[in-house]
Amino acid sequence: MPLRTAESELADLSKNISQLQTESGVHTEKDGQFLGELSNLASRAEQWISGYGLRFTAAEAYSQLLSKNLYELVESPIPGVQSPSEFMDRCFQPAMGTCIWTQRRLKELSDRISRTTQTLRTRIEFVNEEQTQKLLASMDRRARLQLRLQETVESLSVLVLTCYAVSLLAYVAKGGKEAGFAIHPEIVAAIAAPVVAIIFLFISKRRRKRISEMGKSL
């Protein structure tokens, strides 16, 4: 029976999804496979409901009309002859019970598929959110590492620029000494080195502060 097969498939899917939730890690392929199977089941169930729902409803309406007519009918018992009410109770009502039960099973199957699909979608959304959080954390770590690397490069740049500027001042001082001025290039370089380094450090900090403020304003 197709309905019983569909119910069995849904039970197996629900069991597999429950087992998957207990496993650690990401199972994107399995999640997609389960979602596809659930969509196939939902499509089949809706097809059955659309195809047979109207017939079940018409049969139920006919049963109510028939019961009303039998109630209004004044029956006189005839020995050895089965009355219409007895015939309907023995043959017709079991068939109507089967129709009503089948209709209920179809509705319950559709509801169970919807709940299982929602559970699986919730799991997929949770996994995606977890992956997004990990990706953002990784990007934050990379940004911090890049910032530290940039600060290291800037510190080295300050050192290089300081050495270059002090060398230029020492070169100028040597020229002044050769011109007859009472200048000691070594003393000039010793005094200028910390001053130049402080100036470059101040410029570097102002630059980093400006970049940080621009990043916060975005």
Heavy-atom pair of closest approach, residues [X] and [Y]:
X      : Y      : answer
Phe56  : Cys99  : CD2-CB, 3.9 Å
Ala193 : Val166 : CA-CG2, 3.5 Å
Thr162 : Ala197 : OG1-CA, 3.5 Å
Met96  : Ala59  : CE-O, 3.4 Å

Say you draw a straight line from [atom1] of [X] to [atom2] of [Y]; how long is it, rounded to the nearest 0.5 Å?
X      : Y      : atom1 : atom2 : value
Leu169 : Ile191 : CG    : CD1   : 11.0 Å
Leu35  : Arg121 : CG    : CZ    : 5.0 Å
Ser43  : Leu38  : OG    : CG    : 12.5 Å
Thr117 : Arg112 : OG1   : CZ    : 12.0 Å
Leu120 : Glu37  : CG    : CD    : 10.5 Å
Leu106 : Asp111 : CG    : CG    : 11.0 Å

Side chains of [X] and [Y] in contact at under 4.5 Å (non-hydrogen atoms):
X      : Y      : answer
Lys15  : Ser18  : no
Ile203 : Ile199 : yes
Glu9   : Arg44  : yes
Leu10  : Thr116 : yes
Glu108 : Glu7   : no
Thr57  : Gln103 : yes
Asn128 : Gln131 : yes

Is there a path of hydrophobic side-chain contacts, each under 4.5 Å between heavy atoms, that joins [X] and [Y]?
X      : Y      : value
Val195 : Tyr164 : no
Leu168 : Leu161 : no
Phe202 : Val196 : no

- Item | Flag, side chain of Ser114 to backbone of Ser110, donor-acceptor distance under 3.5 Å |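 Indeed, once roles are kept as given, a pair shorter than 3.5 Å links the two residues.
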
- Expected output: side-chain Thr102 to main-chain Thr98 donor-acceptor under 3.5 Å: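 Yes, because the side chain of Thr102 sits within donor-acceptor range (under 3.5 Å) of the backbone of Thr98.
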
- Task: For the pair Leu13 and Leu41, evaluate side-chain contact (heavy atoms from CB on, under 4.5 Å) and give the outcome as yes or no after the intermediate values.
- Result: CA-CA 10 Å; Leu13 271 174; Leu41 270 178; 3.8 Å; yes

- Item | Under-4.0 Å salt bridge between Asp140 and Arg144 |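 Looking at Arg144 together with Asp140, the answer is yes, because their closest N to O distance falls below 4.0 Å.
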
- Within 6.0 angstrom of Gln133 CD, more than 12 heavy atoms from elsewhere: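 Yes, because the 6.0 Å sphere around CD of Gln133 holds more than 12 heavy atoms from other groups.
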
